Peer 1: 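Please find one structure pasted underneath; my questions will follow.
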Amino acid sequence: MTPPLVLTVAGSDSGGGAGIQADLKTMLALGVHGMSVLTAVTAQNSQGVQGVWELPVEAVRGQYRAVVDDIGVQAVKTGMLASAALVEAVAELLAGTPGAPAVVDPVGVSKHGDPLLAEAALDSVRTKLLPLATVATPNLDEVTQLTGLVVEDGTGMRRAADAVLGYGPRWALIKGGHLPGGAEEVVDLLTDGTEEHWLRAPRYDNRHTHGTGCTLASAVASGLAKGLEVPEAVRQAKEYVTGAIAAGFALGSGIGPVDHGWRFRG
């Protein structure tokens with residue numbers, strides 16, 4: 001029996017902790033069939049991003065059409081899109097794929113602070129991509145990039161969610177992992193402007209968290225492909241990524257990845 005089909009449209013991480021590699025590992029761990037459209041290749045390791053090479057728009061469009069026209073897809077996740085041209089091309093492709101929920105992770109900077117989205121592309125993300133999102137999953141740095149808001153507490157997260165929803169996604173998942181203060185809990189806010197879900201998990205003292213955002217967005221897309229409603233897909237994704245963060249391991253001399261296979265290692 002064919003498992004649910006999920007497509008990731010994102011960049012490659014040569015170190016294997018984030019990007020396409022994290023997405024496909026997450027999808028395997030959650031029992032769906034992962035497929036990929038590469039948007040960019042990075043030279044990347046535990047210390048940061050040493051180089052980025054965007055793929056041509058035609059290459060991205062060709063990969064997407066090859067998968068969707070033959071195999072089909074039940075959910076799409078977008079990650080690093082790098083440039084305005086790629087953002088607009090992917091938005092056009094998503095608009096032509098009705099019935100497949102889209103999880104948009106508006107990747108702006110890497111875990112190491114390296115820029116992964118051209119400044120000029122931000123407006124395209126706001127006006128072309130976010131209106132097509134079933135769920136948008138910005139972290140607090142990405143919230144600031146997109147909206148100009150600096151979030152420091154729960155009230156700020158509500159304001160951030162309203163601002164992100166103003167760009168048109170059905171749901172906004174504001175990730176509170178970067179909240180100041182070092183609280184013992186990590187609190188995220190999921191809302192569609194009417195319902196509000198506060199998701200809480202322990203904060204683990206583990207610096208090896210590379211790939212957290214990619215992993216969460218892919219886990220949400222996997223849940224949606226299985227037919228879960230958004231709140232339940234996000235709840236299960238949060239549970240999975242919390243375990244992956246707890247099991248994150250050292251790799252190289254810098255920040256290591258979360259452990260996508262933590263449930264198999266018991």
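These numbers come from a predicted model, not from an experiment. The residues of the chain are indexed from 1 along the displayed sequence.
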Peer 1: Would you check if H33 and M35 make a side-chain contact, meaning some heavy-atom pair closer than 4.5 Å?
Peer 2: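 The answer is yes, as the side chains (C-beta and beyond) meet within the 4.5 Å cut-off.
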
Peer 1: Mind checking whether T8 and V37 have side chains closer than 4.5 Å, heavy atoms only?
Peer 2: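 Result no, sub-4.5 Å side-chain heavy-atom pair not found.
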
Peer 1: Would T137 and V103 count as a side-chain contact (heavy atoms from CB on, under 4.5 Å) here? Give the steps.
Peer 2: CA-CA 7 Å; T137 66; V103 178; 3.9 Å; yes

Peer 1: Heavy atoms, side chains only, cut-off 4.5 Å: are V104 and P169 in contact?
Peer 2: no

Peer 1: For residues 14-22, tabulate all N or O donor-acceptor pairs below 3.5 Å that involve a side-chain atom, not counting sequence neighbours.
Peer 2:
unit_1	atom_1	unit_2	atom_2	d
S14	OG	T42	O	3.4
S14	OG	Q44	N	2.8
S14	OG	Q44	O	2.8
Q21	OE1	D13	N	2.8
Q21	NE2	S12	OG	3.0
Q21	NE2	D13	O	3.2

Peer 1: Just jot down the side-chain hydrogen bond (donor to acceptor under 3.5 Å, both in side chains) partners of W198, sequence neighbours excluded, or say none.
Peer 2: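 With neighbours one apart ignored, the set is E196.
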
Peer 1: Using the side-chain hydrogen bond (donor to acceptor under 3.5 Å, both in side chains) criterion, which residues pair with S124? Sequence neighbours excluded.
Peer 2: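 S124 satisfies side-chain hydrogen bond (donor to acceptor under 3.5 Å, both in side chains) with E88 once adjacent residues are dropped.
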
Peer 1: What heavy-atom pair brings M80 and A40 nearest, and what distance separates the two atoms?
Peer 2: CE-CB, 3.8 Å

Peer 1: Heavy atoms only: give me the nearest A201-T242 pair and the separation to one decimal.
Peer 2: CB-OG1, 3.5 Å

Peer 1: Verify side-chain contact (heavy atoms from CB on, under 4.5 Å) between V107 and L81, making sure each step is shown before the conclusion.
Peer 2: CA-CA 8 Å; V107 175; L81 300 181; over 6 Å; no

Peer 1: Which atom names give the shortest non-hydrogen contact between A221 and K77, and what distance separates them?
Peer 2: CB-CB, 4.0 Å

Peer 1: With a 3.5 Å distance limit and no angle check, can you tell me whether Y240 reaches the backbone of H260 through a side-chain donor-acceptor pair?
Peer 2: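 At least one qualifying donor-acceptor pair exists.
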
Peer 1: So, are R203 and E184 salt-bridged, with charged N and O less than 4.0 Å apart?
Peer 2: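 No salt bridge links R203 with E184.
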
Peer 1: Applying salt bridge (Lys or Arg N to Asp or Glu O under 4.0 Å) as the test, list every pair that has at least one member in residues 60-74; sequence neighbours left out.
Peer 2: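 Found R65-D69.
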
Peer 1: Looking only at heavy atoms, what is the nearest atom pair of C214 and D105, with distance?
Peer 2: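 C214 and D105 have their closest heavy atoms at N-OD2, 3.8 Å.
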
Peer 1: Quick check against the 3.5 Å criterion: does T209 have a side-chain atom that pairs as donor or acceptor with the backbone of I245?
Peer 2: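 Side chain of T209 to backbone of I245: no pair is present.
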
Peer 1: Any non-hydrogen side-chain atom of V258 less than 4.5 Å from a side-chain atom of F249?
Peer 2: no

Peer 1: Using the salt bridge (Lys or Arg N to Asp or Glu O under 4.0 Å) rule, collect all pairs that involve residues 251-262, keeping only residues at least two apart or in two chains.
Peer 2: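 Residue pairs with at least one partner in residues 251-262: D259-R265.
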
Peer 1: Within the distance-only criterion (no hydrogens, no angle test), does the side chain of D192 pair as donor or acceptor with the backbone N or O of T194 below 3.5 angstrom?
Peer 2: yes

Peer 1: Among all residues two or more places apart in sequence or in another chain, which pass the side-chain contact (heavy atoms from CB on, under 4.5 Å) test with D162?
Peer 2: none

Peer 1: How would you list, by chain and number, every residue that makes a salt bridge (Lys or Arg N to Asp or Glu O under 4.0 Å) with D123, sequence neighbours excluded?
Peer 2: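 Residues passing salt bridge (Lys or Arg N to Asp or Glu O under 4.0 Å) with D123: R126.
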
Peer 1: Please find the pair of heavy atoms, one from W262 and one from A247, that lie closest to each other, and give the distance.
Peer 2: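 Residues W262 and A247, closest heavy atoms: CB-CB, 3.8 Å.
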
Peer 1: Is it true that a side-chain atom of H210 and a backbone atom of P257 form a donor plus acceptor pair closer than 3.5 Å?
Peer 2: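 Side chain of H210 to backbone of P257: no pair is present.
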
Peer 1: Can you see which heavy atom on A121 is nearest to which on A84, and at what distance?
Peer 2: CB-N, 3.4 Å

Peer 1: Please check this pair: side chain of R159 against backbone of G154, looking for a donor-acceptor N/O pair closer than 3.5 Å.
Peer 2: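 Here the side-chain-to-backbone pair does not exist.
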
Peer 1: Is there side-chain contact between L189 and R158, with heavy atoms separated by less than 4.5 Å?
Peer 2: yes

Peer 1: Could you point out which residue of L216, V186, L140 forms a side-chain contact (heavy atoms from CB on, under 4.5 Å) with K175?
Peer 2: L216

Peer 1: Residues in side-chain contact (heavy atoms from CB on, under 4.5 Å) with S253, at least two apart?
Peer 2: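 Once residues adjacent in sequence are excluded, the partners of S253 under the side-chain contact (heavy atoms from CB on, under 4.5 Å) criterion are S46, Q47.
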
Peer 1: With side-chain contact (heavy atoms from CB on, under 4.5 Å) as the criterion, how do V6 and V73 come out once you've worked through the C-alpha distance, each side chain's angles and the decisive distance to 0.1 Å?
Peer 2: CA-CA 6 Å; V6 185; V73 66; 5.7 Å; no

Peer 1: Can you tell me how far the OG atom of S36 sits from the CG atom of L24, to the nearest 0.5 Å?
Peer 2: 5.0 Å

Peer 1: Who pairs with T78 by side-chain hydrogen bond (donor to acceptor under 3.5 Å, both in side chains), at least two apart in sequence or on another chain?
Peer 2: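 For T78, no residue satisfies side-chain hydrogen bond (donor to acceptor under 3.5 Å, both in side chains) once neighbours in sequence are set aside.
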
Peer 1: Between T191 (side chain) and G193 (backbone), is there a donor-acceptor pair under 3.5 Å?
Peer 2: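 Answer holds: yes.
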
Peer 1: Side chains of L149 and T144: closer than 4.5 Å at any heavy-atom pair?
Peer 2: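 No, side chains not in contact.
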
Peer 1: Dump the intermediate steps for side-chain contact (heavy atoms from CB on, under 4.5 Å) on W171 and L165, then the final yes or no.
Peer 2: CA-CA 7 Å; W171 292 82; L165 288 171; 5.5 Å; no

Peer 1: Starting at CG of D141, measure out to CD of Q145 and round the result to the nearest 0.5 Å.
Peer 2: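 One gets 7.5 Å once the value is rounded to the nearest 0.5 Å.
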
Peer 1: For R235, which residues count as a salt bridge (Lys or Arg N to Asp or Glu O under 4.0 Å) partner, sequence neighbours excluded?
Peer 2: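 Partners of R235 by the salt bridge (Lys or Arg N to Asp or Glu O under 4.0 Å) criterion, ordered by chain and then number, come out as E232, E239.
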
Peer 1: With a 3.5 Å distance limit and no angle check, can you tell me whether E54 reaches the backbone of V52 through a side-chain donor-acceptor pair?
Peer 2: no

Peer 1: Scan the side chains in residues 91-101 for donor-acceptor partners under 3.5 Å anywhere in the protein, sequence neighbours excluded, and list what turns up.
Peer 2:
unit_1	atom_1	unit_2	atom_2	d
T97	OG1	Y64	OH	2.7
T97	OG1	L93	O	2.8

Peer 1: Less than 4.5 Å apart, any side-chain heavy atom of V151 and any of I174?
Peer 2: no

Peer 1: Are V220 and L199 linked, directly or through intermediate hydrophobic residues, by side-chain heavy-atom contacts shorter than 4.5 Å (ILVMFWY only)?
Peer 2: yes

Peer 1: L5 versus V32: any side-chain heavy-atom pair under 4.5 Å?
Peer 2: no

Peer 1: Please check this pair: side chain of Y167 against backbone of L146, looking for a donor-acceptor N/O pair closer than 3.5 Å.
Peer 2: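 Pair found, side chain donor or acceptor close to backbone of L146.
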
Peer 1: Can you give the donor-acceptor pairs under 3.5 Å from side chains of residues 222-231 to other protein atoms, not counting sequence neighbours?
Peer 2:
unit_1	atom_1	unit_2	atom_2	d
S222	OG	S218	O	2.9
K226	NZ	L30	O	2.6

